[in-house]
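Just below is one structure, and these are the notes that go with it.
Convention: sequence-line order gives letters A, B, ...; per-chain numbering from 1. Side-chain atoms are counted along with the backbone in the values below, which use heavy atoms only and exclude waters and symmetry mates.
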Amino acid sequence: MQYMLILNETAADFADRSDPARADDYWAGWNAFIGAMSAAGIVVNGDGLLPPETATTVRIRDGEQIVEDGPFADSKEQLAGYFVIEVDDLDAALAWAAQAPSAVTASVEIRPVMPPPNAA
Amino acid sequence: MSAAVAAVERAARDAYGRLVAILASRFGDIAGAEDALSDALLAALQRWPEQGIPANPVGWLVTAARNYAIDRYRRDGRAAGYAEDLRMLEQEVTGKSQEFPDERLKLLFVCAHPAIDAGVRTPLMLQAVLGLDAARIARAFLVAPATMSQRLVRAKTKIRAAGIAFAVPDPERLAERLPPVLETIYSAFGLAWEDFWVGATPADDLSAEAIFLARLLVDLLPGEPETEGLLALMLFCEARRPARRDAAGRFVPLADQNVSLWSKALIEAGDALLIAASRHARFGRFQCEAAIQSAHSQRAFGRAVPTGAIVGLYNLLVDRAPSFGASIGRVAALLDDGQAEAAASALARLPSERLRTHQPYWAAHAAVMRALGNHEAARASAEQAIGLSDDPAVRDHLIARFHLTDTRA
C-alpha cells in the first residue's frame, strides 16, 4: 500500500533550518531519516517545503478570487514536507513515520494514498 | 424449530467470530467478511432444511461466504486485488483437513489497534468477534442504535482503507499492543458492572461476553501474565455477583456481603490463574488488582481478610500503575487496616481541585472523617457523595450508612 507521510513542524523547527547554531543538527536528523527510507527502497516520492511564510492561499468565494498571504490554517504546526512510501500495512508506515525528526517536535500524519479509480 | 435451523444457529453462535476472523484476515475487511457471512447464513437457513445438514457445517459456511465475497468484490471491481487471497482460501476450503486456523487473535488486535478510536474498540470487538448486534451494543453504551451503527461502520471502513494489518504484533511490539486489547475487554466488563448498579436487564449485561473474550485471549496467546491477571480479576468480581444486592435489590457493600452466596468455584479458578501468572514474576496492573480481589475473597473460605497485605498491594498499584481509582482504593484499604490517620493524609495528598465532582472521593472522605470521629465533616462529605451519585441504590446505601449512624452519634 502507498501512504503519504505528512510531515508537520513547529515555528521553532522551521527557524532551526537557518539558525547557524542548530542547522547542522536539524539537517543531519532529516538526512538520516530520508537516507534510511531510501536505503529501504520504500520511497515513491517526496519533498521538503519552504516555510509557511512563503505560502500563498487562494480561495474562490461568490465567483471572486481571494488571494492571501500565508497558509490557510492558523495552527501551531505547519506542513513542512511529505513523502509517499510503499509498505505492507499501517504498522509499517507508522514505524517509519515515528522515525521522522518532526515526530518528536510536532507530528506526522499518515494517510493512505487514494487508489486509482479502477484499481484491480 | 427444525434440526437444520437449530444447526445453523449453533454454527453461527459457536463459529461466528472464527468465521469473521478467517474471512476478514484474508480480505483485510471486517465489513466485507460480515456481509459475506450473513449471506452464507441466510443460504444455510434455506438449504440445510432441504438438503440436510452438511458433515462440516463450518467448512460449508466458509465456502459459501467465500463465494459471496467473490461476487461482491467482482461487483465492486475489486476481485483482482483479492485474487491471491481467494485462491488460498479456496485451497483451504477444498483441502482434506477442512480445518481452519483460528484467526480470532488477529481480529482482537485489529479491533484494539491504536489507530482505532478508543471509544469504539470495545463495541467493535463485541460485534466482530461475538456477533452482538449494534442495537444491543448501543443499549449497553447508552447511545442511539443509529449512532452506534455509524461508529462501527466508520471504524470498519478505517481498518480497510488505512491498511491495518490482520496480524499478531511482532514480539517486540506485543508489549505495547497487548494493553489496549486487555483494556478493551475490561471496558466491556466495567460496563457490565455499571449496568449492574443501574439495574440493566440481564440481556444487556456484557460481563459474560467480556469473560469469554478474556478466556479466548488466554487460550490463543498463552503465557501472558497480564492476560491471566485480567481473566482472574473478572472471575473474582463475577464470583460475588449473587451477593451484591439484597433481596430488596439494595446495594450491599463488600464487607457486608453474605459470603455463602459467593461462587467458590470461580474464586478458585481466579486463584489458579493468578498462580500461573505469578510464575512470570512480572508486575502488571491487572494481576495486582486481581491479587487484591483474591485477598478479599478469602472470606469465602472462612479466613480473615489480610488487610495489611491489601494495603501493600495498593501501595504497589499506586506506585507502578497510578490511577485515581487506585488512590481511592488505597485510602479504603488503609481504613480497613485500622490506619485512619494514614488514610486521611493519603486523601489529603490527592489533587483536590480535580475531585470536587468525583463521588468515590467524597464517599472515601466521609468514611475517613467518621473513622477519625469527625461526624460533622463525615456527614457533609456523605451529602456531597449522595448529591454526585446517579445510582439510587448507592445513594440509599450512603444515606443509611452516614445519616443513621450520625444521628446516633
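- We find the NE2-CG distance between B/His113 and A/Asp89 to be 7.5 Å, quoted to the nearest 0.5 Å.
- In terms of heavy atoms, B/Ala162 sits closest to A/Pro112 at CA-CG, 3.6 Å.
- Top candidate by heavy-atom pairs under 4.5 Å with chain A, chosen from B/Pro114, B/Gly163, B/Ala165, is B/Gly163.
- The heavy-atom pair separating B/Arg173 from A/Ala95 by the smallest distance is NH2-CB, 4.2 Å.
- More than 12 heavy atoms of other residues, nucleotides or ligands sit less than 6.0 Å from atom CD of B/Glu172.
- Using a 4.5 Å cut-off between heavy atoms, A/Ile110 makes no contact with chain B at all.
- A distance of 7.5 Å separates CG in A/Asp91 from CD1 in B/Ile164, rounded to the nearest 0.5 Å.
- For A/Arg111, the CZ atom counts as loosely surrounded, since its 6.0 Å shell holds 12 or fewer non-hydrogen atoms of other residues, nucleotides or ligands.
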